Engineer: 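This is the structure, below, for whatever I ask next.
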Amino acid sequence: MPRQIESFVLPHTDNRARVFKRNQKNTNNSYYYIKIRKPDGKYTIRSAKTDDLRRATNKAEALFREMRMSELRGLDWTPEDSKTIEGFYKKFIASLSASKKRIYLITNTFERCLLPHFGKKKVEAIRQSDWNEYEDWRLSYYEQVEEKERKRRGIKKTISRATLFAELQMLLQMIRFLVDEGYVAFVPKLKVRKMSGIRTRQRSKTISESEWNKIREKLFKSSHYPFQAAGRSLGKSWEEVSLAEAHDFMVSQVPHKGRGTTILVDGLKRPLSIGKSHYFSRLRTFYSIMICYHSGIRPSTSELCSITWRHISLDEVEIKSKKIWVALLKVDSSKKDESKSRYLSQNGTLHLLRWLKICKKFGVDTDKGFVFPRYPSGKKITGSEIGQLFSIFLKGEGLKKDSLGRSITLYSYARHQAIASMLKNWDLTKVAVQADCSVLTLSTHYADEIMRREPSRFASREKDPHPIDRKGGAYKALQTEVAELRRVIK
């Protein structure tokens, strides 16, 4: 006896769609089934969930029309019951064109938070009430984590409103993708409730000038101490002290007859470790921050850490009728996946020349290597590693919090403070170009700085009484580095 009985082919489907009943010996119900041949030659079979032929035929025709529309649009056909967040998740992730770090953040957020809650929901059925339920669940997410573990991981018991908003934007980004591709018809209107999450900013946005200078002075002292102290004992400039001389001096300062690996320094709370790799690490932290601050580039792996010495050249510019050298940095792939070039300020160029001289002392490849390598051997470092080293320094010196009790980070100290400094003297358009962000972003996130600035001040950003001129001037010791960087970016 055949498995299919009462089989009916739908007209105008090129024999691709039919309804049928299964033999009673092969099923426990009398429902009709729908069978449609897909473009790849395979079949999809599903129950019509009715024993009425007219209703089963109508369902088959609707299903076939849906499949044909997907074919005409060049889309993979997705059954109605598979149009869920979980069902479209892999397509969405595959469509992303962003940095690896951004993609990791999105996938981690979906797999840890959004998929467990929204995974089984049909996309077009998501409503504000569903998001409200998610908020309630998300706000209590860390309550089950022990306090000791939360402190170790540096997380709060209640998440911030900004985190909820970011997760909502990720969900809406996925739904907009599905609308653009034609998988669903509309984007639901969702919003974060007014009173949800911590509204107080946890990280410092801008730091007072006195706080910024205090951190800079401490950071300079901790990073340059081996060379400065050795220079004082030898009677010469710290820039002329060799690595061997600096290391010998540090070893001579170790107490207890040479035993131990750290020494205490006046003005610093955290002892300084002894070791050539440690000297290099502290110096790299200082100069990488200064380069970010004086150029406005982001202290990230894709921008700051990707710059090589081949990406740098010196251009001759004229300021107040005086010709000086200014460094031009080239970033191959910025946050927006585009190449860009940015000038360093006069002080930034001075820091770069000093860093070049230091790198040669440590044997860094200053021809093709990275400007800020992980080790002198030349391997690439990441922005997060520099940020961690800076955070360790701040905690050791008791400078991690600003005057309002908010955490100071690498980004807030180098990037945000650079933008705030530019806003004091430049118009929004110039700042947006230098900082590689939109005027809207500036007006939204730096409103306080914009309101406080004097609109009439369009002078240069810095007032350096000793610019780096071609004849040497105050920086005669760096002329070798000037000559080395005078080349065209290839």
Side-chain angles (χ1 to χ4, degrees), residues 99 101 216 219-220 223-224 227 239 243 276-315 325-335 338-390 393 410-411 413-415 418 434-436 468 475 477-490:
S99 64
K101 187 173 183 179
R216 183 193 178 282
L219 188 61
F220 181 87
S223 58
H224 292 76
F227 294 89
E239 293 183 37
L243 177 59
K276 295 179 181 179
S277 62
H278 297 205
Y279 311 151
F280 182 79
S281 176
R282 291 193 289 264
L283 287 164
R284 180 191 57 214
T285 301
F286 174 81
Y287 283 101
S288 61
I289 291 173
M290 291 300 106
I291 296 305
C292 284
Y293 174 77
H294 289 287
S295 66
I297 64 174
R298 296 175 176 86
S300 62
T301 304
S302 61
E303 294 197 14
L304 172 70
C305 300
S306 67
I307 300 174
T308 68
W309 291 107
R310 288 274 183 183
H311 289 138
I312 302 174
S313 67
L314 283 181
D315 286 358
W325 297 115
V326 177
L328 179 67
L329 309 180
K330 182 181 178 182
V331 177
D332 280 339
S333 180
S334 67
K335 178 182 178 181
E338 297 176 354
S339 62
K340 66 178 183 181
S341 297
R342 293 293 182 271
Y343 278 110
L344 277 169
S345 66
Q346 298 176 48
N347 285 337
T349 302
L350 173 62
H351 285 306
L352 182 67
L353 292 170
R354 283 176 172 164
W355 175 240
L356 173 59
K357 193 167 189 175
I358 290 169
C359 284
K360 289 187 287 188
K361 293 180 182 180
F362 283 89
V364 175
D365 180 6
T366 57
D367 185 25
K368 298 179 182 179
F370 292 105
V371 176
F372 298 106
R374 178 180 281 111
Y375 304 111
S377 59
K379 291 184 179 180
K380 186 176 181 179
I381 197 171
T382 64
S384 61
E385 287 176 291
I386 296 177
Q388 289 170 3
L389 292 170
F390 183 57
F393 161 78
L410 172 64
Y411 205 93
Y413 185 79
R415 166 85 171 168
Q434 184 72 17
D436 190 24
I468 307 168
Y475 307 117
L478 297 172
Q479 288 307 293
T480 303
E481 285 68 37
V482 170
E484 189 170 339
L485 284 181
R486 286 186 60 192
R487 55 192 175 201
V488 179
I489 296 178
K490 297 181 180 179

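Keep in mind that what you see is a predicted model, and the values were worked out from it rather than measured. The first residue in the sequence is number 1, and the count goes up from there.
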Engineer: Testing V326, D315, I312 one by one against T349 for a side-chain contact (heavy atoms from CB on, under 4.5 Å), which residue passes?
Structural biologist: V326
Engineer: Heavy atoms, side chains only, cut-off 4.5 Å: are R282 and F393 in contact?
Structural biologist: no
Engineer: Can you sort out the partners of R342 under salt bridge (charged side-chain N to carboxylate O under 4.0 Å, His left out), two or more places apart, ordered by chain and number?
Structural biologist: none
Engineer: Measure from the side-chain N and O atoms of R374 to the backbone N and O of K379, and report whether any donor-acceptor pair falls under 3.5 Å.
Structural biologist: no
Engineer: Using a 4.5 Å cut-off on heavy atoms from C-beta on, say whether the side chain of L314 contacts that of L328.
Structural biologist: no
Engineer: List the residues meeting side-chain hydrogen bond (donor to acceptor under 3.5 Å, both in side chains) with S306, not counting sequence neighbours, and say none if there are none.
Structural biologist: none
Engineer: Taking T308's backbone N and O only, do any of them form a donor-acceptor pair with H311's side chain (distance below 3.5 Å, no angle check)?
Structural biologist: yes
Engineer: Just jot down the side-chain contact (heavy atoms from CB on, under 4.5 Å) partners of K276, sequence neighbours excluded, or say none.
Structural biologist: L243, H247, Y279
Engineer: Taking side chain as C-beta onward, heavy atoms only, is I307 less than 4.5 Å from I291?
Structural biologist: no
Engineer: With F286, which residues qualify under ring pair (Phe, Tyr, Trp, His ring centres under 6.0 Å), at least two apart?
Structural biologist: F220, H224, H351
Engineer: Check whether any side-chain heavy atom of I358 sits under 4.5 Å from a side-chain heavy atom of F227, and report yes or no.
Structural biologist: no
Engineer: The criterion is side-chain hydrogen bond (donor to acceptor under 3.5 Å, both in side chains); which residues satisfy it with T382, sequence neighbours excluded?
Structural biologist: S384, E385
Engineer: Return the minimal non-hydrogen interatomic distance between S288 and L304, and the atom names on each side.
Structural biologist: CB-CD2, 3.9 Å
Engineer: Just jot down the ring pair (Phe, Tyr, Trp, His ring centres under 6.0 Å) partners of Y343, sequence neighbours excluded, or say none.
Structural biologist: none
Engineer: Looking at side-chain heavy atoms only, is the closest gap between C292 and R298 below 4.5 Å?
Structural biologist: no
Engineer: For T301, give me all partners under side-chain hydrogen bond (donor to acceptor under 3.5 Å, both in side chains), at least two apart in sequence or on another chain.
Structural biologist: none
Engineer: With sequence neighbours excluded, what pairs up with F372 under the ring pair (Phe, Tyr, Trp, His ring centres under 6.0 Å) test?
Structural biologist: W355
Engineer: Would you say the side chain of M290 lies within less than 4.5 Å of the side chain of R216, judging by non-hydrogen atoms?
Structural biologist: yes
Engineer: Please enumerate all residues that pass salt bridge (charged side-chain N to carboxylate O under 4.0 Å, His left out) together with K360, with sequence neighbours excluded.
Structural biologist: E481, E484
Engineer: Under 3.5 Å, side chain of R284 to main-chain N/O of P373, donor-acceptor pair present?
Structural biologist: yes
Engineer: Kindly write out the residues that satisfy ring pair (Phe, Tyr, Trp, His ring centres under 6.0 Å) with Y375, not counting sequence neighbours, or none if the list is empty.
Structural biologist: none
